[in-house]
Amino acid sequence: MKYKFLSLLVFMTLTFAAKAQKLSQTVWETSNLAVPESVLYSATEKSLFVSLIDGAGNVKDGKGGIAVLNTDGSIKNAKWIKDLNAPKGLALYKKTLYVADIDAVVSIDISSGKIINKLEIENAIFLNDVTVDNKGVVYVSDTRTNKIYRIKNDRSELYLQNVTNANGLKWIDKELYVLANTELWKVDEKKNISVLAKGFEKSGDGLEQLKNGDFIVSCWAGLIYYVKANGEIRKLQNVQGQMNTADLGYNEKENLIYVPTFNHNSVIAYELLVNKN
């Protein structure tokens with residue numbers, strides 16, 4: 001029995017290694033972007049929305065904005081939205097783009113490129129990522145206060161607290177996925193929390209689910225992980241000390257990920273490959 005178990009363990013390990021994912025060489029890199037923090041791919045718009053802090057991440061200086069890239073990395077509109085402060089996480093619901101901006105969530109009409117609302121969150125300090133459920137309810141994380149807020153009918157409320165370094169958010173199939181420090185959580189509709197994965201070397205930042213149900217997680221410090229649905233994690237990239245890897249985006253059709261490099265002032269596209277070696 002002992003030998004059968006060991007054989008099964010070895011087989012599972014070799015199978016995972018044989019099918020392990022890796023990142024391609026750089027597909028393209030777009031430079032001269034002023035502190036890009038988040039990238040959101042829209043298949044409908046055939047565009048990439050990029051939040052640009054253009055300064056310190058916690059200062060209300062009116063220098064921040066949103067740029068729009070084509071999917072080949074060329075710049076469609078470098079100053080699509082201006083006069084924000086330090087915009088970070090992005091989420092799209094129908095024709096509205098939601099942006100986390102220090103202590104407010106900004107709503108932008110995609111068609112007109114106009115800001116239509118700016119909802120300040122009471123007691124918020126460092127709003128970081130944002131996601132929207134299938135009914136248009138918005139969730140936004142505050143990394144400095146370890147909280148997650150929910151916005152319904154243009155009113156905000158505290159949704160979860162004691163979420164250490166709350167950052168990356170993603171609403172998937174009636175559940176909220178959260179990057180909490182070095183862990184990936186799943187929160188159900190009754191706010192029951194399950195830890196799906198743990199052991200990231202640094203605090204998580206960007207979170208995307210892949211078409212096979214697994215995840216890609218980025219850590220701002222310069223790390224990207226592949227996370228299997230069963231919680232196994234594997235480091236895909238370590239560029240600590242060279243550049244940051246902030247809140248990444250994902251193109252499911254082409255299996256591309258888009259990495260904003262923050263202080264390196266660029267967005268880099270990679271293809272996610274299956275390593276058959």
Side-chain angles (χ1 to χ4, degrees), residues 21 23 36-42 48-51 87-93 97-100 126-134 137-143 146-150 159-160 163-188 193-237 244-252 255-262 267-270 272:
Q21 304 282 343
L23 296 183
E37 199 283 335
S38 180
V39 178
L40 177 67
Y41 167 70
S42 170
L48 302 171
F49 297 95
V50 183
S51 61
K88 299 178 184 69
L90 306 169
L92 187 60
Y93 180 74
L97 181 70
Y98 294 94
V99 185
F126 198 85
L127 298 180
N128 208 332
D129 201 15
V130 61
T131 190
V132 188
D133 71 14
N134 54 359
V137 177
V138 177
Y139 298 81
V140 59
S141 58
D142 189 328
T143 305
N146 305 315
K147 295 176 181 178
I148 297 173
Y149 295 92
R150 179 169 64 182
Y159 183 70
L160 279 179
V163 185
T164 304
N165 290 333
N167 197 338
L169 302 177
K170 189 67 63 176
W171 183 271
I172 305 168
D173 297 331
K174 298 182 179 181
E175 293 172 315
L176 180 65
Y177 290 77
V178 180
L179 285 173
N181 200 23
T182 58
E183 298 181 340
L184 172 58
W185 293 3
K186 179 173 70 172
V187 184
D188 68 19
I193 297 171
S194 303
V195 178
L196 291 188
K198 59 183 178 179
F200 304 124
E201 188 176 323
K202 302 289 185 178
S203 292
D205 191 336
L207 173 64
E208 289 287 347
Q209 187 178 49
L210 306 176
K211 52 190 174 185
N212 65 358
D214 295 342
F215 297 89
I216 291 289
V217 168
S218 61
C219 302
W220 182 88
L223 296 161
I224 298 177
Y225 288 89
Y226 189 92
V227 182
K228 291 182 69 67
N230 65 5
E232 294 178 72
I233 69 172
R234 180 173 179 269
K235 194 180 296 180
L236 292 180
Q237 186 180 79
N244 303 110
T245 50
D247 185 8
L248 49 75
Y250 176 58
N251 177 339
E252 179 179 306
N255 217 28
L256 293 174
I257 66 170
Y258 308 104
V259 181
T261 64
F262 207 80
V267 170
I268 303 177
Y270 302 97
L272 191 59

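All values below come from the heavy atoms of this structure, side chains included, with hydrogens, waters and symmetry mates left out.
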Side-chain donor/acceptor pairs under 3.5 Å, residues 206-215, sequence neighbours excluded:
residue: E208; atom: OE2; partner: K170; partner atom: NZ; Å: 3.3
residue: Q209; atom: NE2; partner: G213; partner atom: O; Å: 3.4
residue: N212; atom: OD1; partner: D214; partner atom: N; Å: 3.0
residue: N212; atom: ND2; partner: D214; partner atom: OD2; Å: 3.3
residue: N212; atom: ND2; partner: Y226; partner atom: OH; Å: 3.1
residue: D214; atom: OD1; partner: A229; partner atom: N; Å: 2.9
residue: D214; atom: OD2; partner: Y226; partner atom: OH; Å: 2.6

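In this structure, Y98 has no ring pair (Phe, Tyr, Trp, His ring centres under 6.0 Å) partners at least two apart in sequence or on a different chain. Take A221 and apply the side chain to side chain contact (heavy atoms under 4.5 Å, CB included) test, not counting sequence neighbours, and it matches K202, Q240. Residues that satisfy the side-chain hydrogen bond (donor to acceptor under 3.5 Å, both in side chains) test with Y93, not counting sequence neighbours, are absent from this structure. With sequence neighbours excluded, no residue satisfies side-chain hydrogen bond (donor to acceptor under 3.5 Å, both in side chains) with Y149. Partners of S38 under the side chain to side chain contact (heavy atoms under 4.5 Å, CB included) rule, at least two apart in sequence or in another chain, are S51, L90, D247. Residues forming a side chain to side chain contact (heavy atoms under 4.5 Å, CB included) with N134 (at least two apart in sequence, or on another chain): W171. Remark: K235 engages E201 in a salt bridge (charged side-chain N to carboxylate O under 4.0 Å, His left out) (not counting sequence neighbours). The side-chain hydrogen bond (donor to acceptor under 3.5 Å, both in side chains) search around Y270 returns Q237, not counting sequence neighbours. In terms of the ring pair (Phe, Tyr, Trp, His ring centres under 6.0 Å) criterion, residue partners of F262 (sequence neighbours excluded) are, by chain and number, W220. Residues meeting the side-chain hydrogen bond (donor to acceptor under 3.5 Å, both in side chains) test with T143, sequence neighbours left out: N128.
Without hydrogens or angle criteria, N255 side chain to L272 main chain gives a donor-acceptor distance under 3.5 Å. Between the side chain of S218 and the main chain of A246, a donor-acceptor pair closer than 3.5 Å is present. The closest donor-acceptor contact from the side chain of R150 to the backbone of V137 lies at 3.5 Å or more, if one exists at all. Between the side chain of T164 and the backbone N or O of A180 there is no donor-acceptor pair closer than 3.5 Å.
Side chains of V217 and I233 form no contact here, defined as non-hydrogen atoms less than 4.5 Å apart. Counting only heavy atoms from C-beta outward, the side chains of Y258 and N251 approach each other to under 4.5 Å.
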* **Residue pair D205, L179: steps toward the side chain to side chain contact (heavy atoms under 4.5 Å, CB included) verdict** => CA-CA 7 Å; D205 191 336; L179 285 173; 5.6 Å; no

* Take L23 and I257, measure what side chain to side chain contact (heavy atoms under 4.5 Å, CB included) needs, and give me the verdict at the end. => CA-CA 9 Å; L23 296 183; I257 66 170; 3.7 Å; yes

* Criterion side chain to side chain contact (heavy atoms under 4.5 Å, CB included) on L97 and L40, from CA distance to verdict -> CA-CA 10 Å; L97 181 70; L40 177 67; 3.6 Å; yes

* List the steps, then state whether side chain to side chain contact (heavy atoms under 4.5 Å, CB included) holds for L176 with Y139. => CA-CA 9 Å; L176 180 65; Y139 298 81; 4.1 Å; yes

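Enclosure of atom CG in N230 by more than 12 non-hydrogen atoms of other residues, nucleotides or ligands within 6.0 angstrom is indicated.
Expressed to the nearest 0.5 Å, how far CD1 of I148 lies from CG of D129 amounts to 9.5 Å. One finds the CZ atom of F200 at 10.5 Å from the CG atom of L223 (value rounded to the nearest 0.5 Å).
Listed by first and then second residue, the side chain to side chain donor-acceptor pair (under 3.5 Å) pairs that reach into residues 177-186 are N165-N181, N181-S203, E183-W185, sequence neighbours excluded.
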